[in-house]
Amino acid sequence: MLDDMFDYLQGIRQRPVWQPVPDQARAAFRNPLPAQGSDLADVHQQFMDNILPYAIGNTHPGFFGWVHGGGTAAGMLAEMLAAGLNANCGGRDHIPIEVERQVVRWMAELFGFPSSSSGLFVTGSSMANMIAVLVARYRALGREVRSHGIPPKRQLVAYASAGAHGCIAQAMDLAGLGSANLRKIPMNARFQMDITALETAITADRQAGLQPFFVAGTAGTVDVGAIDELPLLAAIAERNGLWFHVDGAYGALAALSPELRPLLDGIELADSIACDFHKWGQVPYDAGFILVRDGEIHLDTFASRDTYLRRDERGMAANSPWPCDFGPDLSRCFRALKTWFTFQVFGAERIGQVIYETCLLARYLEERIQAQPELELLAPVALNIVCFRHRAAGHADIDAFNAALIADVQESGIAAPSATTVRGKLAIRAAIVNHRTGQSDIDALLAAVLQLGATRLSLTNTESA
């Protein structure tokens, strides 16, 4: 099984990035519950035949969809070790908890947070952002919110860019505050939150008798990779008594690159930061993370003292608080190990260099697009995300043309961009995240877009004639 996965990673370029799942592969997963066991080798062969060939493809250097990391063999082996150890990292006194605490200290060092900060591994930034909202809610309403919920006539409102990830609104929903009470602030020409519009919204909400409590800056928006003006957001949050959170799901780890670190100025002023090691950090899924400046308020938001979770000075119940005191999960896998391995094996400098190189590739793609009259750049390139489209000269519906073209490219197996909408225009969106990606993969993406676009235009013209 290990040999097969090493072969898979070593020969990844010889495979299609993605391919449609055939009916016979889907049918293999519609069998009833097996009453009797099977030989391990037979089950593994089913994996090789029906699972491995039809994954989403984010280990492939030609994968440009969404923001998916490429993983590493070292991380894969660490995941195997963690599974063999089978540690429950909710609590108790054992070394896997210390590994997680060390990564927390590393992230506090990276982002300039005090040693009293707290942190927690979670599934991803959707959960990390929700934890930030819950901690901010606790600070705004006090301990009573845990037992009695939101007090009458205390409507909390939050603020984020119109380009922020949808999980911020979802967090407001799940926290009982209502997604309608997240103010989606318009963006400026650089796709950053409009500072003047933010201040106007805060003032209007206060005058309406509402309670502003939380503002989320974004470090690397999902559509175009923009970074909000974090120092200005920090100043507004301080003046208005708001919790300043940074959703740095992928962009926060740009702090590992000396060349990119200045783009994140102000992140050290945040009350909390969300980031995903499984994106730019190249750690296998899943490895989300939340860092909170005030460890005490983070602890107060979640800690409970159930008798089942008795704490003692000695034995396995010693050395609390435990990770379960900083979030909702008691049963937790050993996510920290693959992150710890990744930093230990490759080092922060090498990971930072890989991050910077993906941004250089984005600049290369930007230049290639601008040199092609058939293509149009739709947004400035801030980090590693490039949004563009085929001009589809003579086509009646450019958006529909580009949507079909994206599917054509994906189904070709050559490359796998995704789609988004930028200022009302459907965009081919290329996020360069994988450490395996090089200029040849960028060239292959563009060649596929141009060739398949020309083919689609030719078919359209033929049908029109």
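Few gaps surround CD on Gln370; more than 12 heavy atoms of other groups in view lie less than 6.0 Å from it. Within a 6.0 Å sphere centred on CZ of Arg314, heavy atoms belonging to other residues, nucleotides or ligands number 12 at most. Crowding of Glu259 atom CD: a count of heavy atoms from other residues, nucleotides or ligands under 6.0 Å exceeding 12. Heavy atoms from other residues, nucleotides or ligands lying under 6.0 Å from CD of Glu313 number 12 at most. Environment of CD in Glu98: crowded, with over 12 heavy atoms of neighbouring residues, nucleotides or ligands closer than 6.0 Å.
The side-chain contact (heavy atoms from CB on, under 4.5 Å) search around Pro152 returns none, not counting sequence neighbours.
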Could you go through Glu268 and Arg293, starting from their C-alpha distance and side-chain angles, then the distance that decides it, and tell me whether this counts as salt bridge (charged side-chain N to carboxylate O under 4.0 Å, His left out)? CA-CA 9 Å; Glu268 72 282 357; Arg293 176 180 298 277; over 6 Å; no
Candidate pair Asp443 and Arg368, rule salt bridge (charged side-chain N to carboxylate O under 4.0 Å, His left out), full reasoning: CA-CA 9 Å; Asp443 293 338; Arg368 289 289 317 275; 2.6 Å; yes
Would Ile428 and Val449 satisfy side chain to side chain contact (heavy atoms under 4.5 Å, CB included), going step by step from the backbone distance to the final call? CA-CA 9 Å; Ile428 302 170; Val449 168; 4.2 Å; yes
Show, in sequence, the C-alpha distance, side-chain angles and deciding distance for Asp223 and Thr420, and conclude whether the side chain to side chain donor-acceptor pair (under 3.5 Å) test is met. CA-CA 6 Å; Asp223 284 331; Thr420 192; 2.4 Å; yes
Do Arg311 and Asp325 pass the side chain to side chain contact (heavy atoms under 4.5 Å, CB included) test, and can you show the C-alpha distance, the side-chain angles, and the key distance before you say yes or no? CA-CA 12 Å; Arg311 315 302 168 91; Asp325 297 318; 2.8 Å; yes
Kindly indicate, with the supporting measurements, whether the criterion side chain to side chain contact (heavy atoms under 4.5 Å, CB included) is fulfilled by Ile442 and Ile432. CA-CA 9 Å; Ile442 303 298; Ile432 306 165; 3.7 Å; yes
Carefully, step by step, assess Asp271 and Ile297 under the rule side chain to side chain contact (heavy atoms under 4.5 Å, CB included). CA-CA 11 Å; Asp271 291 302; Ile297 198 167; over 6 Å; no
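A salt bridge links Glu100 with Arg332: the distance from a Lys NZ or Arg NE/NH1/NH2 to an Asp or Glu carboxylate oxygen falls below 4.0 Å. Using a 4.0 Å cut-off between charged side-chain N and carboxylate O, Asp441 and Arg13 make a salt bridge. Here Asp286 pairs with Arg335 in a salt bridge; the nearest charged N to carboxylate O distance falls below 4.0 Å. Using a cut-off of 4.0 Å between Lys/Arg side-chain N and Asp/Glu carboxylate O, Arg154 and Glu144 are scored as not salt-bridged.
The shortest side-chain heavy-atom distance between Thr339 and Gln344 does not fall under the 4.5 Å cut-off. Contact check for Val104 versus Leu120: no side-chain heavy atoms found under the 4.5 Å cut-off. Within the 4.5 Å cutoff, the side chain of Pro328 has heavy atoms near those of the Ile131 side chain. No side-chain heavy atom of Asn434 sits under 4.5 Å from any side-chain heavy atom of Asn58. The shortest side-chain heavy-atom distance between Tyr285 and Thr123 does not fall under the 4.5 Å cut-off. Contact of the Arg429 side chain with the Pro417 side chain is not registered, since no non-hydrogen atoms from C-beta on lie closer than 4.5 Å. Between Ile273 and Asp247, the closest side-chain pair of non-hydrogen atoms is not below 4.5 Å. Contact of the Val292 side chain with the Ser117 side chain is not registered, since no non-hydrogen atoms from C-beta on lie closer than 4.5 Å.
Within the model, atoms CD1 of Ile150 and CG of Leu141 stand 5.5 Å from one another, a figure rounded to the nearest 0.5 Å. Considering CD of Gln282 and CZ of Phe346, their distance stands at 9.0 Å, rounded to 0.5 Å. Between atom CD of residue Gln211 and atom CD of residue Gln155 there is a gap of 9.5 Å, rounded to the nearest 0.5 Å. Atom CZ of residue Arg92 and atom CG of residue Asp312 lie 12.0 Å apart, to the nearest 0.5 angstrom. Rounded to the nearest 0.5 Å, atoms CG (Leu383) and CG (Leu264) are 7.5 Å apart. To the nearest 0.5 Å, the span separating CG on Leu232 from CD1 on Ile236 amounts to 6.5 Å.
The cationic atom of Arg423 (NZ for Lys, CZ for Arg) lies less than 6.0 Å from the six-membered ring centre of Phe191 and within 45° of the ring axis. For the pair Arg137 and Trp243, the cation-pi criterion (under 6.0 Å, within 45° of the ring axis) is not fulfilled.
The backbone N or O of Ala287 lies less than 3.5 Å from a partner atom in the side chain of His278, making a donor-acceptor pair. Without hydrogens or angle criteria, Gln192 side chain to Ile227 main chain gives a donor-acceptor distance under 3.5 Å. The main-chain N or O of Ser125 is found under 3.5 Å from a side-chain atom of Asn129 such that the two form a donor-acceptor pair. Judged purely by atom type and a 3.5 angstrom limit, Asp329 has no side-chain atom pairing as donor or acceptor with the backbone of Ser331. In this structure, the side chain of Ser257 does not engage the main chain of Ile355 through any donor-acceptor pair within 3.5 Å. In this structure a side-chain-to-backbone donor-acceptor pair under 3.5 Å is present from Arg206 to Asn240. For Thr421 (side chain) and Lys425 (main-chain N/O), no donor-acceptor pair under 3.5 Å exists by modelled atom type. Not one N or O on the side chain of Arg183 forms a donor-acceptor pair closer than 3.5 Å with the backbone of Ala201. Between the side chain of Asp194 and the backbone N or O of Thr196, at least one donor-acceptor pair lies under 3.5 Å. When atom types are taken as modelled, the side chain of Asn402 and the backbone of Arg389 share no donor-acceptor pair closer than 3.5 angstrom.
Side chains of Asp205 and Tyr159: a donor on one and an acceptor on the other come within 3.5 Å. Side-chain atoms of Asn319 and His94 form no donor-acceptor pair, as typed in the model, at a separation below 3.5 Å.
Annotation for Pro61 and Thr437: closest pair O-OG1, 2.8 Å, computed over non-hydrogen atoms. Contact detail for Gly217 and Leu233: the closest heavy-atom pair is CA-CD1, 3.6 Å. Closest approach of Pro321 and Leu299 over heavy atoms only: CB-CD1, 3.7 Å. Minimum heavy-atom separation, Ile290 to Ser272: CD1-CB, 4.2 Å.
With His298 as the partner, the ring pair (Phe, Tyr, Trp, His ring centres under 6.0 Å) test is satisfied by one option alone out of Phe326, Tyr138, Phe113: Phe326. Of the options Phe277, Trp280, Phe289, Trp66, a ring pair (Phe, Tyr, Trp, His ring centres under 6.0 Å) to Tyr250 is made by Trp280 and by none of the others. Looking at Arg436, Arg350, Arg363 one by one, the single match for salt bridge (Lys or Arg N to Asp or Glu O under 4.0 Å) with Glu357 turns out to be Arg350.
Between His44 and Phe47, the ring-plane angle classifies as parallel under the 30° and 60° cut-offs. In this pair, Phe63 and His68 present their aromatic rings parallel. The plane angle is below 30°, not in the 30 to 60° band.
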